[in-house]
Structure formats: structure tokens, C-alpha cells
**Q** 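What follows is a structure written as C-alpha cells; I'll ask about it next.
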Amino acid sequence: MGQGQKGSSDKTEGKKKRHDSPAPEDGHKCRVCRFPLLVALLQLLLGVAVTAVAFLMLAISPSLLARETPHWAGIILCLVSILGFILYCITYLPDERTSAQFIAKLLYFVLCMIGLVISVLVMSFAGHHYSQTSSFACEQAGQDCACTLDKEDPIARTFVYEGVGDCEVITGTLTLYFLLQIILNLAQALVCAAGAFIMWKHRYQVFFAGLQIGSISTQQWHKV
């Protein structure tokens, strides 16, 4: 009889310990919580949009420089988003026991920071060229378009856009494309900053990596 009561007491105590111990994370409850899927999706969409607008700008005139048509920035950010999707597909472990998960998280964090820098750089170039094209005074020169900032200045720099049949494209359409690049890269910079912040938050705030000590007397768990 005493042994039966002792066994029943042990079972009750075991249930209490299981109840007081931290509950394991449910990986199937919220798959998006495992990784910010929305961030990677926005990076992909914005990267494609930046690349498409850049090629539309390049179609206006082949004399546009690489810093004026930042298709390279959009392609790089598309690659960053692909890494984000790969990270989403990796099985989640809270304390990063797999090297693949750790490397993917670290690489994604670094690439998000690089994407943030690239987006800010593209914004600065686009803003500079937007202010220039908004002040251009252009004249048709055969199949080209010659533009200056000040027609009264005889030594003012002349910008020649080859293969442009109508100068209104430079002062109108090209200026609009520069404005779109500013808006798209501003959004991309914010998304990259959010992705880097979420990676940092998951590593140092949400995913606890310390020791857990279970007290038998109080049957409570403490983090140290």
C-alpha cells in the first residue's frame, strides 16, 4: 500500500515538473514566426522593381552610366531575398545547433546590412541626378540630346544623351524614373534594416542561449 502511494506521489511530482518547465516551441503553430517570410518577399519584389526601372532607364539612352541605372543593386537585393527564403526552409533550432542555420543567419544579417548601404548609395545618386535633370535646359542635336544646367554660362558642362529623339524624355520621363528609384530604394533600405534587426532580435532577445536551472525544492525554472 505504501509503495502504491509512493508511486502515485512520484507521478504527481513528475507532472508538476513538466508543467513548471519551459514549454517547447511549437514549430507548426506559426511558420512565419520561424523566419520573417514577409521581409524576404518584399526584398524580392522591390529588387525586381528596382531592376526593371533601371533597364527602362537604360532603354532611353545607352549613354547613361551604371550609377544612373542601378540594375546591379536590384540584382544583389534579389539574391539577398533568395537567401532569406533558404533560411526560412531550414529546420529551426533555438540554440543554433546546426552549422548551416548559423551560417545562413550570419550571412543573411551581413547581406541585409550590405543591402542597406547599397540602397542608401543608390538613393544618393538618384537624388543627385534627379535634381540635375529637373534643372536641365536641353536642345536637340541630330539624334542626340544636349543638356546644360545654365544656358547663359558659356563654359557650363554639357550632358549629351545619345539616341534620344525627343529631349522631353530627358526632362520628363527620365526625371520620373529617378524619383521612382529614390522611392523604391528608400523602401528597400527600410526592409533591409528590418531584416537585419529581426535577425539580431532573434539571436539576442528571443532565442535564449543561456543555462536553465531547475530547483527541486521550489519546482521552478530560472534563467541565468
**Q** Measuring from atom CE of Met57 to atom CG of Leu176, what distance do you get when rounded to the nearest 0.5 angstrom?
**A**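 So the CE of Met57 and the CG of Leu176 are separated by 10.0 Å.
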
**Q** Would you call the rings of Phe136 and Phe159 parallel, tilted or perpendicular if under 30° counts as parallel and over 60° as perpendicular?
**A**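 Tilted, since the angle between the ring planes falls between 30° and 60°.
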
**Q** Is the shortest heavy-atom distance from the side chain of Val120 to the side chain of Met123 under 4.5 Å?
**A**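 A side-chain contact under 4.5 Å exists here.
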
**Q** Is it possible for you to say whether Phe125 and Ile76 belong to one hydrophobic cluster, with membership spreading through side-chain heavy-atom contacts below 4.5 Å?
**A**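 Looking at the clustering, Ile76 is in a separate group from Phe125.
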
**Q** Would you kindly confirm whether Ile86 and Leu79 end up in one hydrophobic cluster when ILVMFWY residues are joined by side chain heavy atoms under 4.5 Å apart?
**A**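 Yes.
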
**Q** Start with the C-alpha distance between Thr171 and Thr133, add both sets of side-chain angles, then the distance that settles side-chain contact (heavy atoms from CB on, under 4.5 Å), and finish with yes or no.
**A** CA-CA 6 Å; Thr171 57; Thr133 53; over 6 Å; no

**Q** Measuring from atom NZ of Lys105 to atom CD1 of Ile198, what distance do you get when rounded to the nearest 0.5 angstrom?
**A**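 Here the rounded value is 12.0 Å.
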
**Q** Yes or no on side-chain contact (heavy atoms from CB on, under 4.5 Å) for Val80 and Ile82, after CA distance, side-chain angles and deciding distance?
**A** CA-CA 5 Å; Val80 176; Ile82 292 174; over 6 Å; no

**Q** Kindly compute the distance separating CG (Leu116) from CG (Leu121), expressed to the nearest 0.5 Å.
**A**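 Reported to 0.5 Å precision, the distance equals 11.0 Å.
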
**Q** According to a 4.5 Å side-chain heavy-atom criterion applied to Ile, Leu, Val, Met, Phe, Trp and Tyr, with indirect links allowed, do Trp72 and Tyr177 form part of one hydrophobic cluster?
**A**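 Yes, Trp72 and Tyr177 fall within the same hydrophobic cluster.
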
**Q** Is it the case that the side chain of Ser61 and the backbone of Glu162 share a donor-acceptor pair, with hydrogens and angles ignored and the cut-off at 3.5 Å?
**A**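 Indeed, once roles are kept as given, a pair shorter than 3.5 Å links the two residues.
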
**Q** Between Ser134 and Ser131, is there a donor-acceptor pair closer than 3.5 Å when you use the side chain of the first and the backbone of the second?
**A**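 Such a contact is absent between Ser134 side chain and Ser131 backbone.
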
**Q** Taking all non-hydrogen atoms of both residues into account, name the closest pair between Leu77 and Gly47 and its distance.
**A**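 Minimum heavy-atom separation between Leu77 and Gly47: CB-CA, 4.5 Å.
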
**Q** Atom OG1 in Thr158, atom CG in Leu149: separation rounded to 0.5 Å?
**A**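 Reported to 0.5 Å precision, the distance equals 9.5 Å.
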
**Q** Donor-acceptor pair, distance only, cut-off 3.5 Å: does the side chain of His71 make one with the backbone of Thr69?
**A**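 The answer is yes, because a donor-acceptor pair under 3.5 Å joins these two groups.
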
**Q** Could you check whether the SG atoms of Cys167 and Cys145 sit less than 2.5 Å apart, since that is the cutoff I want to apply?
**A**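 Correct, these two cysteines form a disulfide.
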
**Q** Does Leu184 share a hydrophobic cluster with Phe55, counting links as ILVMFWY side-chain heavy atoms below 4.5 Å and allowing steps through other members?
**A**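 Looking at the clustering, Phe55 is in a separate group from Leu184.
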
**Q** CD of Gln43 to CG of Leu111: how many Å apart, nearest 0.5 Å?
**A**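 Answer for the CD-CG pair, Gln43 versus Leu111, is 9.5 Å.
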
**Q** With a 3.5 Å distance limit and no angle check, can you tell me whether Asp144 reaches the backbone of Gly163 through a side-chain donor-acceptor pair?
**A**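 It does hold such a pair.
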
**Q** What's the shortest heavy-atom distance between Tyr161 and Ser63, and which atoms?
**A**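 The answer is CA-OG, 3.5 Å.
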
**Q** Would Ile170 and Thr175 count as a side-chain contact (heavy atoms from CB on, under 4.5 Å) if you check the C-alpha gap in whole Å, the side-chain angles of each, and the deciding distance to 0.1 Å?
**A** CA-CA 7 Å; Ile170 302 298; Thr175 303; over 6 Å; no

**Q** Check this for me: Phe178, atom CZ, are more than 12 non-hydrogen atoms of other residues, nucleotides or ligands nearer than 6.0 Å?
**A**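 Counting neighbours around CZ of Phe178, more than 12 heavy atoms of other residues, nucleotides or ligands fall under 6.0 Å, so yes.
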
**Q** Looking only at atom types and distance, does a side-chain atom of Thr148 sit under 3.5 Å from a main-chain N or O of Arg157, one as donor and one as acceptor?
**A**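 No; zero donor-acceptor contacts below 3.5 Å.
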
**Q** Would you confirm whether Gln188, through its side chain, and Leu190, through its main-chain N or O, come within 3.5 Å as a donor-acceptor pair?
**A**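 Flag not set: sc Gln188 to bb Leu190 has no pair under 3.5 Å.
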
**Q** Atom CD1 in Ile60, atom CG in Asp166: separation rounded to 0.5 Å?
**A**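 Result: 11.0 Å between the selected atoms.
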
**Q** Would you kindly confirm whether Leu107 and Val191 end up in one hydrophobic cluster when ILVMFWY residues are joined by side chain heavy atoms under 4.5 Å apart?
**A**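 Same hydrophobic cluster.
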
**Q** Is there a side-chain contact between Cys78 and Val48 (heavy atoms, below 4.5 Å)?
**A**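 A side-chain contact under 4.5 Å exists here.
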
**Q** Could you tell me which non-hydrogen atom of Val50 sits nearest to which non-hydrogen atom of Pro70, and how far apart they are?
**A**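 Taking Val50 first and Pro70 second, the nearest heavy atoms are CG1-O, 3.7 Å.
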
**Q** Can you give me the closest heavy-atom contact between Gly195 and Val39, atom names plus distance?
**A**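 That closest heavy-atom pairing would be CA-CG1, 3.8 Å.
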
**Q** Any non-hydrogen side-chain atom of Leu46 less than 4.5 Å from a side-chain atom of Asn185?
**A**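 Not touching, per the 4.5 Å side-chain cut-off.
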
**Q** Start with the C-alpha gap between Arg67 and His129, add the side-chain angles, then the distance that decides, and say whether side-chain contact (heavy atoms from CB on, under 4.5 Å) holds.
**A** CA-CA 10 Å; Arg67 65 172 180 264; His129 292 296; 3.7 Å; yes

**Q** Taking atom CD of Gln132 as the centre, does the number of heavy atoms from other residues, nucleotides or ligands within less than 6.0 Å exceed 12?
**A**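 Result for CD/Gln132: enclosed.
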
